[in-house]
Amino acid sequence: MEEKKRVKIKELLLNGQIGSDVLAKGWVRTRRGNKSVAFIALNDGSTINNIQVVVDVEKFDENLIKDINTGACISVNGKLVESPGSGQRVEIQATSIELYGAADATTYPLQKKGHSMEFLREIAHLRPRTNTFGAVLRIRHAMAYAIHKYFNDKGFYYVHTPIITASDAEGAGAMFKVTTLDVNSLPRTEDGKINWSEDFFGKEANLTVSGQLEGELAALALSEIYTFGPTFRAENSNTPRHLAEFWMIEPEMAFYDIIDNMNLAEDFLKYLIRYALDNCIDDLDFLNKMYDNELIDRLKFVVDNHFERLTYTKAVEILEKVEQKWEFPVFWGADLQAEHERFLVEKHFKKPVILTDYPKEIKSFYMKQNEDGKTVRAMDVLFPKIGEIIGGSQREEGYEKLLARITEMHIPEKDMWWYLETRKFGTAPHSGFGLGFERLVLFVTGMSNIRDVIPFPRTPKNCEF
RNA sequence: UCCUCUUUAGCUCAGUUGGUUAGAGCACCUGACUGUUAAUCAGGGGGUCCUAGGUUCAAGUCCUAGAAGAGGAGCCA
């Protein structure tokens with residue numbers, strides 16, 4: 001007998017030929033019906049849409065049909081026919097069904113009805129089988145693919161920066177220690193401090209908080225590069241926008257000034273959102289209907305409008321003039337708080353905003369200093385709902401100026417020797433930025449909690465699965 | 001880390017001023033129904049009221065401590 005090939009449900013629904021014999025495999029979403037006919041909604045993850053399998057009950061073993069309930073995995077042979085019922089174009093008239101795995105209805109935690117996001121987080125091993133997580137995971141994949149495609153098409157090289165690092169220089173946040181020492185009996189030096197020279201790397205090591213500094217090294221050789229990998233922050237942040245383990249995209253470009261950097265960031269974000277609209281519309285329609293009925297309009301709005309660009313100084317002027325009580329005072333030199341950023345994006349400009357030229361005191365040591373001596377060429381891209389989605393800057397390429405900042409900010413020069421050498425030998429103007437991948441997926445899916453756009457969220461007090 | 005709220009059936013929740021045997025919808029089980037669309041209809045089973053201690057004749061309900069979850073803030077991406 002000829003072995004039939006499984007066809008994905010997405011393909012069957014899109015291009016399935018009426019009258020053809022087909023083989024479909026997937027997980028049962030629901031089973032409905034009566035004594036003589038059963039309807040099975042089958043999903044294999046290739047699309048948010050289910051295919052309807054119609055079973056003439058009398059032709060099948062009664063016990064087999066009984067076991068085909070929500071969560072079961074089956075293989076279906078049958079004929080693809082036009083559906084007489086409304087709601088679907090085609091359906092499979094089953095001729096034989098193989099049960100791969102039953103799912104005991106009394107203990108299977110997923111129901112046909114919706115569940116709360118909180119409950120689904122407790123069963124993260126099963127939540128990919130829900131419509132919502134299927135949609136989110138497909139969109140997440142599409143965004144990862146589009147990121148690589150965008151940069152590849154522009155001639156950027158994908159550089160793998162280290163995940164374990166000995167430098168703690170960027171100061172982006174608290175780090176996770178990496179060690180093979182026996183924590184119950186740590187080796188000590190004579191003055192009682194931990195003797196890291198006995199550890200695996202012979203010195204203190206941590207999980208990276210950013211690949212930027214290493215990315216700069218590559219950009220000062222390959223011109224245009226990007227990193228895309230996991231990063232780790234040991235901050236005790238309990239918010240819907242923070243994770244202890246998250247993925248970050250960090251392009252770094254030689255010969256780009258701050259304007260080029262902004263142009264790239266805006267074009268990049270619009271490209272990604274447009275890609276989602278062009279390639280994930282079924283999933284977006286579902287999310288738009290179930291969670292956020294302004295989602296698609298908001299995505300289109302971002303694609304169609306210029307991001308508002310203004311300096312920090314100008315933003316402070318606007319905020320100072322506004323008749324509004326702030327929880328945190330606004331004055332030149334203060335870091336802008338969430339309430340201020342939200343006001344600018346959601347009330348004042350009503351569109352994405354790029355703020356530039358922040359006071360140097362509130363920004364990192366590596367940012368290029370302006371001639372005014374007070375500000376640096378930083379840029380933050382602020383989005384509605386999620387706030388800062390991108391942070392970036394033109395980098396300080398002058399050796400003396402960089403060294404002065406490092407000294408001022410009490411960063412150990414000996415740890416930064418390799419970074420400083422790029423300014424000593426063949427330095428070049430260059431720029432870059434960081435995009436939090438989950439923040440992007442959060443915006444594109446309209447989900448409200450970042451724990452629901454990554455398969456296995458790592459947050460304080462949570463490292464299950 | 002700070003502030004606020006929440007925790008009762010598998011899930012989502014109600015539970016009055018502290019008072020008899022703890023309530024609903026959905027899910028599940030049984031039955032009915034020859035084309036369903038989160039199918040429908042009838043019946044049934046199902047409880048460590050988050051944990052520990054306390055007040056009281058009596059605690060799901062009041063008090064204290066703790067745990068977990070959520071929202072806001074800070075930190076940031």
Side-chain angles (χ1 to χ4, degrees), chain A residues 29-41 49-58 66 69-71 81-88 91 93 103-123 130-131 170-174 209-212 228 230-250 265 290 326-328 335-339 341-342 362-364 380-383 386-392 433-443 448-454 459-462 464:
Chain A
R29 283 289 156 76
T30 69
R31 192 194 74 218
R32 306 176 282 270
N34 52 47
K35 233 190 262 176
S36 58
V37 60
F39 302 96
I40 300 164
N49 299 307
N50 305 321
I51 195 153
Q52 173 156 284
V53 178
V54 185
V55 182
D56 190 344
V57 174
E58 283 161 16
K66 244 181 175 173
N69 39 33
T70 302
V81 297
E82 270 182 77
S83 179
S86 60
Q88 59 278 321
E91 63 188 23
Q93 195 76 46
D104 176 27
T106 60
T107 51
Y108 185 62
L110 290 172
Q111 306 172 7
K112 306 171 193 181
K113 265 206 161 181
H115 295 280
S116 68
M117 290 297 120
E118 290 84 357
F119 174 67
L120 291 175
R121 268 170 230 152
E122 293 169 10
I123 52 166
T130 62
N131 287 330
E170 218 224 344
V209 294
S210 163
Q212 181 199 312
F228 185 4
T231 48
F232 307 87
R233 306 273 167 94
E235 302 287 350
N236 190 12
S237 300
N238 293 284
T239 87
R241 297 178 309 281
H242 291 85
L243 292 164
E245 175 183 299
F246 65 100
W247 289 63
M248 193 152 60
I249 301 104
E250 294 177 289
M290 300 298 288
W326 304 112
E327 196 186 330
F328 295 88
D335 209 352
L336 296 182
Q337 304 296 316
E339 57 174 339
E341 294 180 347
R342 290 190 72 135
I362 58 174
K363 286 292 179 185
S364 301
D380 285 0
V381 181
L382 310 178
F383 262 31
I386 58 174
E388 184 182 339
I389 192 168
I390 277 179
F433 60 81
L435 168 67
F437 185 51
E438 282 75 17
R439 295 235 175 126
L440 171 76
V441 180
L442 200 55
F443 183 77
S448 48
N449 193 312
I450 202 163
R451 296 165 188 135
D452 301 324
V453 299
I454 188 168
T459 52
K461 299 281 191 304
N462 186 354
E464 199 65 48

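The sequence lines fix the lettering, A, B, ..., with proteins before strands; numbering per chain opens at 1.
RNA chain B contains the following stems of three or more consecutive Watson-Crick or G-U pairs, with both distances under 3.5 Å: B:1-7 with B:67-73, B:10-13 with B:23-26, B:28-32 with B:40-44, B:50-54 with B:62-66.
Atom CE in A/Met248 sits about 13 Å away from atom P in B/C76, given to the nearest Å. We find that CD of A/Glu341 is positioned 11 Å from P of B/A73, with the value rounded to whole Å. Between A/Gln88 atom CD and B/G35 atom P the separation is 15 Å, expressed in whole Å. Regarding A/Leu336, its CG atom lies at a distance of 12 Å from the P atom of B/C76, rounded to whole Å. Taking atom CE of residue A/Met290 and atom P of nucleotide B/A38, one finds them 10 Å apart after rounding to whole Å. Atom CG of A/Asp56 is separated from atom P of B/U36 by 16 Å (rounded to the nearest Å). In this structure, A/Gln93 places its CD atom 17 Å from P of B/U34, rounding to the nearest Å. At whole-Å resolution of the value, CD in A/Glu235 and P in B/A73 are 17 Å apart.
Expressed to the nearest 0.5 Å, how far CD of A/Glu82 lies from CD of A/Glu91 amounts to 10.0 Å. The line from OG1 of A/Thr459 to CZ of A/Arg451 is 5.0 Å long, rounded to the nearest 0.5 Å. Of the inter-residue distances, the one linking A/Arg29 atom CZ with A/Asn50 atom CG reads 5.5 Å to the nearest 0.5 angstrom. A distance of 10.5 Å separates CD in A/Glu388 from CG in A/Leu336, rounded to the nearest 0.5 Å.
At a threshold of 4.0 angstrom between heavy atoms, the contacts of A/Glu58 with the nucleic acid are absent. Residue A/Phe443 is out of contact with every strand shown, counting any heavy-atom pair closer than 4.0 Å. Using a 4.0 Å heavy-atom cutoff across all strands shown, A/Phe119 reaches sugar-phosphate atoms only and no base atom. Nucleic acid contact for A/Ala338: sugar-phosphate only, since backbone atoms but no base atoms lie under 4.0 Å from a heavy atom of the residue. A/Gly85 comes within 4.0 angstrom of a nucleotide base, judged by non-hydrogen atoms across all strands. Across all strands, A/Ile389 comes closer than 4.0 Å only to sugar-phosphate atoms, never to a base (heavy-atom distances). Across all strands, A/Thr239 comes closer than 4.0 Å to base atoms (heavy-atom distances). Using a 4.0 Å heavy-atom criterion, one finds that A/Pro84 contacts the bases of the nucleic acid, with or without backbone contacts as well. Among the protein residues, A/Thr70 comes within range of no part of the nucleic acid, since none of its heavy atoms lies under 4.0 Å from any strand.
Using modelled atom types, no side-chain atom of A/Glu245 and backbone atom of A/Pro230 make a donor-acceptor pair closer than 3.5 Å. With hydrogens and angles ignored, the 3.5 Å screen pairs no side-chain donor or acceptor of A/Glu250 with any backbone N or O of A/Gly434. Side chain of A/Thr239 to backbone of A/Arg241: a donor-acceptor contact under 3.5 angstrom is found. Not one N or O on the side chain of A/Gln111 forms a donor-acceptor pair closer than 3.5 Å with the backbone of A/Pro109. The backbone N or O of A/Glu327 lies less than 3.5 Å from a partner atom in the side chain of A/Glu339, making a donor-acceptor pair. Side-chain atoms of A/Thr231 never come within 3.5 Å of backbone atoms of A/Trp247 as a donor-acceptor pair (strictly under, hydrogens ignored). Put simply, the side chain of A/Arg342 never gets that close to the backbone of A/Gly387: no donor and acceptor are under 3.5 Å apart. A/Asn69 contributes no side-chain N or O that, together with a main-chain N or O of A/Gly71, makes up a donor-acceptor pair within less than 3.5 Å.
Comparing B/C76 with B/G66, their C1' atoms are spaced 30 Å from each other, to the whole Å. A distance of about 30 Å separates the P atoms of B/G44 and B/U51, rounded to the whole Å. B/U12 and B/U7 have their P atoms separated by 12 Å, given to the nearest Å. Rounded to whole Å, the separation between the C1' atoms of B/U40 and B/C63 comes to 50 Å. With P as the reference atom, B/C62 and B/A24 are 23 Å apart, rounded to whole Å. Across the C1' atoms, B/G46 and B/C28 are found 9 Å apart, a figure rounded to whole Å. B/G43 and B/C26 have their P atoms separated by 12 Å, with the value rounded to a whole Å. B/U61 and B/U17: their C1' atoms are spaced 10 Å apart (whole Å).
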I'd like a table of atom pairs between the protein and nucleotides 67-70 of chain B - only N or O on both sides, under 3.5 Å - with the distance next to each one.
residue	atom	partner	partner atom	Å
B/A70	OP1	A/Arg121	NH1	2.5
B/A70	OP1	A/Arg451	NH1	3.2

Identify all pairs in which a protein N or O lies below 3.5 Å from an N or O of nucleotides 40-47 of chain B, and state each distance.
none

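Between the side chain of A/His115 and the base of B/C11, no donor-acceptor pair of N or O atoms lies under 3.5 Å. Put simply, the side chain of A/Ser237 and the base of B/C76 share no donor and acceptor less than 3.5 Å apart. For A/Asn238 against B/U1, a side-chain-to-base donor-acceptor contact under 3.5 Å is present. With hydrogens and angles left out, the side chain of A/Glu327 and the base of B/G74 share no donor-acceptor pair within 3.5 Å.
Between A/Ile454 and A/Phe246, the closest side-chain pair of non-hydrogen atoms is not below 4.5 Å. Taking the side chain as every heavy atom from C-beta outward, A/Phe39 and A/Val54 approach each other to under 4.5 Å. A/Ile51 has its side chain out of reach of A/Asn49: every pair of non-hydrogen atoms, C-beta onward, lies at least 4.5 Å apart.
Note on A/Arg32: every side-chain N or O is 4.0 Å or more away from OP1 and OP2 of B/U36. A close approach under 4.0 Å does occur between a side-chain nitrogen or oxygen of A/Asn236 and OP1 or OP2 of B/U1. Taking 4.0 angstrom as the limit, A/Gln52 places none of its side-chain polar atoms (N or O) nearer than this to OP1 or OP2 of B/U37.
Take the nearest nucleotide of RNA chain B for A/Thr30 and for A/Gln111: the residue whose nucleotide is more 5' is A/Gln111. When each of A/Gly391 and A/Lys35 is assigned the nucleotide of RNA chain B bearing its nearest heavy atom, the one mapping closer to the 5' terminus is A/Lys35.
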